[in-house]
Each structure stands twice: as structure tokens, then as C-alpha cells.
Number of protein chains: 2
Amino acid sequence: MKMLDVLKSISNQTRLNILTWLKDPFAYFPNEELADYSPSLGVCVSDIAKKAKMSIPTVSVYLKTMSAADLLVATRKDQWTYYKRNEEAIQELAQLIKEKL
Amino acid sequence: MKMLDVLKSISNQTRLNILTWLKDPFAYFPNEELADYSPSLGVCVSDIAKKAKMSIPTVSVYLKTMSAADLLVATRKDQWTYYKRNEEAIQELAQLIKEKL
DNA sequence: TAGGGATTTAGGTAAATGCCTAAATTTGAT
DNA sequence: ATCAAATTTAGGCATTTACCTAAATCCCTA
């Protein structure tokens, strides 16, 4: 894990929010959008963009950045790309800060 | 603690390095510079700037930013400003990431 | 109170980041 | 093969960040 890239990828309020939203999608996204939600997939790009009130392209690259930093896991299914949190990597980051930083 | 400001303040390789150096000054700074080192004070601006191979003004504002984010503690003594880590805040950050992020 | 060392503040430029719209691509369904 | 929906890629502009040098300030000591 590249500590600096991970840190950069969460040094933005929107990206930080996305991480929070994905922690508990039912608490943050309209239920109808989660009709066929599955924890193994996560939430799709456009739903996240709508929640963020930001353009889809912007959010698309944010998500891509975060998955490049290994904080999110992307799954393409049909024409949708779903993103979910990578809990292991997040815990690993906390651990790294705790003992190595 | 403002999570975002803290994260921003460590989203830079040099500032990340400084945090590492201050964790164990004797391992990273020339011993003669630490002649009157005391853990309660830390290391002064110009020694840190020299170690970073960066201009003093740049490092001065980096350090100030980090202490504004509460990651460092500054102590002015005579004409020197010493900086040391704020271990509590760093642990708090790790904790915050672990359970709230 | 003048001089000098350490630091901070100001001011500037280049690079990176934040976001957008438009265009291109992917993929399922007629 | 074609259309439409979702996403990604490209390109662009505004703001922030990363540094620097020069000037100002702080604080000692003569």
C-alpha cells in the first residue's frame, strides 16, 4: 500500500464522504436505488454521483482514484460499475498510522 | 480535530517524512545538532529544513500547518521554535480512521 | 541600541487538484 | 446492426498547493 497515495485519495471532502456513505448505503442512499443492492457489489457510479451532487465524470474518476489506492473495490456488471469499500485496506491504513507514522 | 485538515497536512511526502523523523530524532538527525535535544521540546525549524533539504521558509510553514492540525506541538524558546510530535493526536487519528472512516 | 541569528510573512511561479462539458466507449436489448 | 443507458476519457478553466527568494520580525548579546 502506498501510504501517500492513500492519504491523498482521502484528502478531499467528497471522497471522504463517499467512504462514509459506502459504509452503510441504506443509511445514505434512497432505498429505491438500492433495490438490488448487494454488499458484495456495492453502489453504482451514478447513484454515488447523485448523492454527491456532482457530475458523473468527476465522481467516476474519484472512485477510480480510490480503487487505485486500494480503498475501494470496483466490479463491472453489465453496464454498471459498482464500488464497495475495501475494509481490509482501511484497517491496514489505521494500523499503519497507529504504529508506523 | 478536523479530519480533513489533518489528512491534508499529511498528504505530502515531506510532511510525512518530518513526522517520521521526529518520531526518533537520534536516528535521523546528526547527533551534534541534537546536543541539547530534549523530548519535551523536539527539533528546531532549521535542523528540520536542513534534513528535508528544503528552504527554511517552506519548512516553517509546513510545520506551522501541522501544528495547526494538531499533529505537532511548537515551543518557542529564545530565538528557536522547536517542534515535536503530538502522539495523542496521531493515535486519535488512527482510531478515527479505524472506527469512523 | 546595534548587530546578528532564527524564524515568519509576503509575494511569485509552476504544477497539481477540483470540477465541469463534450466526446468516445462499453454493453445489453431491440 | 442500431439504440440507448452507464461509464470513461479528453480537454479545459479556476483554485490550491509546492516550493522559492526577499523582506520583515523576534530575541539574544554586546
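Note on naming: letters A, B, ... go to the chains in the order of the sequence lines (proteins, then strands), and numbering restarts at 1 for each one. Heavy-atom basis, side chains included; hydrogens, waters and symmetry copies ignored.
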Quiz item: So, for A:Phe26 and A:Tyr37, is the gap between ring centers shorter than 6.0 Å?
Solution: yes
Given [options], the nucleotide with the shortest approach to the side chain of [X]:
X: A:Pro57; options: C:dT27, C:dT8, C:dT21; answer: C:dT21
X: B:Gln79; options: C:dT7, C:dG5, D:dT8; answer: C:dG5
X: A:Thr58; options: C:dC19, D:dC20, C:dT27; answer: C:dC19

[atom1]/[X] to [atom2]/[Y] distance, rounded to the nearest 0.5 angstrom?
X: B:Lys51; Y: B:Leu22; atom1: NZ; atom2: CG; result: 11.0 Å
X: A:Leu19; Y: A:Asn12; atom1: CG; atom2: CG; result: 11.5 Å
X: A:Asn86; Y: A:Leu72; atom1: CG; atom2: CG; result: 8.0 Å
X: B:Tyr62; Y: B:Ser9; atom1: OH; atom2: OG; result: 11.5 Å

If I take atom [atom1] in residue [X] and atom [atom2] in nucleotide [N], what distance separates them, rounded to the nearest angstrom?
X: A:Met54; N: C:dT21; atom1: CE; atom2: P; answer: 12 Å
X: B:Leu72; N: C:dT7; atom1: CG; atom2: C1'; answer: 16 Å
X: A:Ile56; N: C:dA23; atom1: CD1; atom2: P; answer: 17 Å
X: A:Ile10; N: C:dT17; atom1: CD1; atom2: P; answer: 15 Å
X: B:Met66; N: C:dT8; atom1: CE; atom2: C1'; answer: 16 Å
X: B:Leu16; N: D:dA18; atom1: CG; atom2: C1'; answer: 15 Å
X: B:Trp80; N: C:dG5; atom1: CH2; atom2: C1'; answer: 8 Å
X: B:Arg76; N: D:dT25; atom1: CZ; atom2: C1'; answer: 9 Å

Distance test, side-chain N/O of [X] to OP1/OP2 of [N], below 4.0 Å:
X: B:Arg15; N: D:dA18; value: yes
X: B:Tyr62; N: D:dT17; value: no
X: A:Ser46; N: D:dT7; value: yes
X: A:Lys8; N: C:dT17; value: yes
X: B:Ser60; N: C:dT8; value: yes
X: B:Asn12; N: D:dC19; value: yes
X: B:Lys77; N: C:dA6; value: no
X: A:Tyr82; N: D:dT7; value: no
X: B:Thr81; N: C:dA6; value: no

Self-check item: Residue whose nearest DNA chain C nucleotide is more 5′ - B:Tyr83 or A:Val59
Solution: B:Tyr83
Quiz prompt | 5' priority, DNA chain C, between B:Asp47 and A:Ser11 [closest heavy atom] | solution = B:Asp47
Exercise. Could you check whether A:Ser55 gets within reach of a base, just the sugar-phosphate, or nothing at all, counting any heavy atom under 4.0 Å?
Key: base
Quiz prompt | Taking every non-hydrogen atom, the tightest pair across B:Lys23 and A:Glu99 | solution = NZ-O, 2.8 Å
